[in-house]
Number of protein chains: 2
Amino acid sequence: MQKIHNLSKNQKIIFDLIDKSAEPMKAYAILFNVQKKGIKAPLQVYRALDKLVEIGKIHKIESRNAFIACQNSSCQISKATAFSICESCENISEISNSKLSKYLSNFSDNSGMKYSKYNLEFFGLCKKCKSK
Amino acid sequence: MQKIHNLSKNQKIIFDLIDKSAEPMKAYAILFNVQKKGIKAPLQVYRALDKLVEIGKIHKIESRNAFIACQNSSCQISKATAFSICESCENISEISNSKLSKYLSNFSDNSGMKYSKYNLEFFGLCKKCKSK
DNA sequence: TAACAGTATGTAATAATATAACATTTATAA
DNA sequence: TTATAAATGTTATATTATTACATACTGTTA
Ligand SMILES: [Zn+2]
Ligand SMILES: [Zn+2]
Ligand SMILES: [Zn+2]
Ligand SMILES: [Zn+2]
C-alpha cells in the first residue's frame with residue numbers, strides 16, 4: 001500500500017517538468033526552466049528534488065548528476081533502483097526486471113551488513129548506437 | 001592477463017594516498033594532502049584520478065563523490081564494481097562476490113542494450129551500527 | 001479558536017565538485 | 001631522431017550543492 005503524497009507547489013512544478021522530459025534533467029537545467037514559474041534559487045530546486053527522491057517520484061542518476069521520473073509504478077520507493085545507460089547517446093531508462101530486483105533485494109553476504117537499499121547502473125550501447 | 005601500468009609521478013602519489021586511507025577520499029581532501037608534494041591544482045588531482053579509475057586501480061563511489069583503492073585484484077578493470085555502504089558510519093567497502101558479479105555481468109534484458117559495464121551500490125547498516 | 005508542530009518557501013551567500021584552455025615537458029616507440 | 005602519445009603546470013571558470021536565517025503555510029489537537 002503506497003502512501004499518497006500531495007505534492008506542494010514547487011514539488012509539483014518540478015516533478016511535472018522532469019516527468020515530461022525525454023531525458024534525465026540536471027538541477028540547473030531544471031532551475032532555468034522553472035524560473036518563469038517563480039522558482040528563482042538553486043535551493044528551491046534542490047529541496048524539491050530531495051523530497052521527490054525521498055518519496056520515490058523521481059530518481060537520481062548518480063553517475064550523471066541528473067534526475068529522472070520513476071518509470072516503474074511498483075518501484076519500491078527508491079529503495080531498489082536500476083538503470084540502463086547508453087554511453088554513446090546518453091539514452092537512459094529505468095530497468096524494471098522482477099528477477100533482477102528480487103535477486104538484488106535478497107542479496108546478502110557474510111560481511112554482517114544489513115542491506116536495505118541498492119542502486120545499480122548498467123552502461124553499454126543501445127540498439128541504435130550498437131549498429132553504427 | 002592484466003596489463004601492468006607504470007604509474008606516473010602524480011598518479012603514484014595520489015594512488016598511494018588513497019590506498020593507505022582507511023576511508024574513500026574526496027578529490028579536494030586528496031588535493032590538500034598532496035600539496036606538500038607539489039601537486040597544487042585540482043586539475044592535477046582529477047587527471048590522476050581519471051587515469052587511476054580508467055585502469056582500475058581505484059573506483060569512484062558515485063553516491064559519495066569519493067575514491068577508494070580497488071580491494072579486489074581480480075576486479076575486471078572497473079567494468080564490474082559493487083560496494084557496500086553503511087549509511088550510519090559511512091564505512092564503505094568493495095564487494096567481491098563471484099556469484100553476484102557473474103549474475104550482473106551476464107545480465108541482459110529485451111531492451112536491445114548491450115551492457116559492458118555496471119556499478120552497484122548497496123546501502124544499509126554495518127554490523128556495529130545495527131547493534132546500536 | 002488558539003496554540004503547536006511539521007512542512008514548505010524565499011533569499012543571499014558560499015562551499016564543494018569538476019572542467020576548459022593553453023603552454024610545456026616527459027615517456028615511448030618507429 | 002623524429003614523431004606521437006601521455007603527463008604536467010597554471011590560471012581561470014563552470015557546475016553542483018549546501019548553510020544560514022527569516023517567513024509562511026498546513027494540519028492537528030487543546
Ligand atoms: Zn522507479
Ligand atoms: Zn545509444
Ligand atoms: Zn575493484
Ligand atoms: Zn556502520
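In the text below, chain A, chain B and the rest are named by the order of the sequence lines, each starting its count at 1. The figures that follow rest on heavy atoms only: side chains count, while hydrogens, waters and symmetry mates do not.
- When the C1' atom of D:dT15 is taken as reference, atom CG of B:L43 falls 15 Å away, rounded to whole Å.
- Put simply, the side chain of A:Y28 and the base of D:dA17 share a donor and an acceptor less than 3.5 Å apart.
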Show me the protein contacts with nucleotides 3-7 of chain D, counting only N or O atoms at under 3.5 Å.
from  : atom 1 : to    : atom 2 : distance (Å)
D:dA7 : OP1    : B:Q11 : NE2    : 3.3
D:dA7 : O3'    : B:S8  : OG     : 3.1

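- Side chains of B:S63 and B:E121: a donor on one and an acceptor on the other come within 3.5 Å.
- Ring centroids of B:F107 and A:F122 are separated by less than 6.0 Å, placing the two rings close together.
- Of the options B:I95, B:L120, B:I61, a side-chain contact (heavy atoms from CB on, under 4.5 Å) to B:F83 is made by B:I61 and by none of the others.
- Here D:dT8 presents its P atom at 12 Å from CG of B:L49, a figure rounded to the nearest Å.
- Among C:dT19, D:dT11, C:dT11, the nucleotide with an atom closest to any side-chain atom of B:A41 is D:dT11.
- Distance, A:F32 CZ to D:dT16 C1': 18 Å, rounded to whole Å.
- Of the candidates A:I14, A:I68, A:L17, A:L17 is the only one forming a side-chain contact (heavy atoms from CB on, under 4.5 Å) with A:M25.
- Using modelled atom types, one finds a donor on one side chain and an acceptor on the other under 3.5 Å when comparing B:S111 with B:D109.
- Remark: the backbone N or O of A:K102 is not paired with any side-chain donor or acceptor of A:S105 at under 3.5 angstrom.
- Checking C:dG10, D:dG9, D:dT16 against the side-chain heavy atoms of A:K26 singles out D:dT16 as nearest.
- The CG atom of A:L31 sits 14 Å away from the P atom of C:dA12 (whole-angstrom rounding).
- Between A:K40 and C:dT11, a side-chain N or O to OP1/OP2 separation shorter than 4.0 Å is present.
- Atom CD of B:Q35 and atom P of D:dG9 are 13 Å apart (whole Å).
- By the 6.0 Å contact criterion, NZ on B:K130 is enclosed, its count of non-hydrogen atoms from other residues, nucleotides or ligands being greater than 12.
- Following rounding to the nearest Å, A:M25 (CE) and D:dT15 (P) show an atom-to-atom distance of 15 Å.
- Contact annotation: B:N65 side-chain N/O to C:dA16 OP1/OP2 distance is not under 4.0 Å.
- Rounded to whole Å, atom C1' of D:dT8 lies 17 Å from atom NZ of B:K37.
- At D:dG9, one or more side-chain N or O atoms of B:Q44 fall inside 4.0 Å of OP1 or OP2 (strictly under the cut-off).
- Considering only side-chain N and O atoms, B:Y46 lies nowhere under 4.0 angstrom from the phosphate OP1 or OP2 of C:dT19.
- Protein atom CG of B:D50 is 10 Å distant from nucleotide atom P of C:dA18, rounded to whole Å.
- Closest to the A:P42 side chain, of the nucleotides D:dG9, D:dA17, C:dT17, is D:dA17.
- Distances shown here put a side-chain N or O of A:K60 below 4.0 Å from the OP1 or OP2 atom of D:dA17.
- For the pair B:E90 and B:R64, the salt-bridge criterion is met [side-chain N within less than 4.0 Å of a carboxylate O].
- Between A:A27 and A:R47, the residue anchored nearer the 5' end of DNA chain D, judged by the nucleotide with its closest heavy atom, is A:A27.
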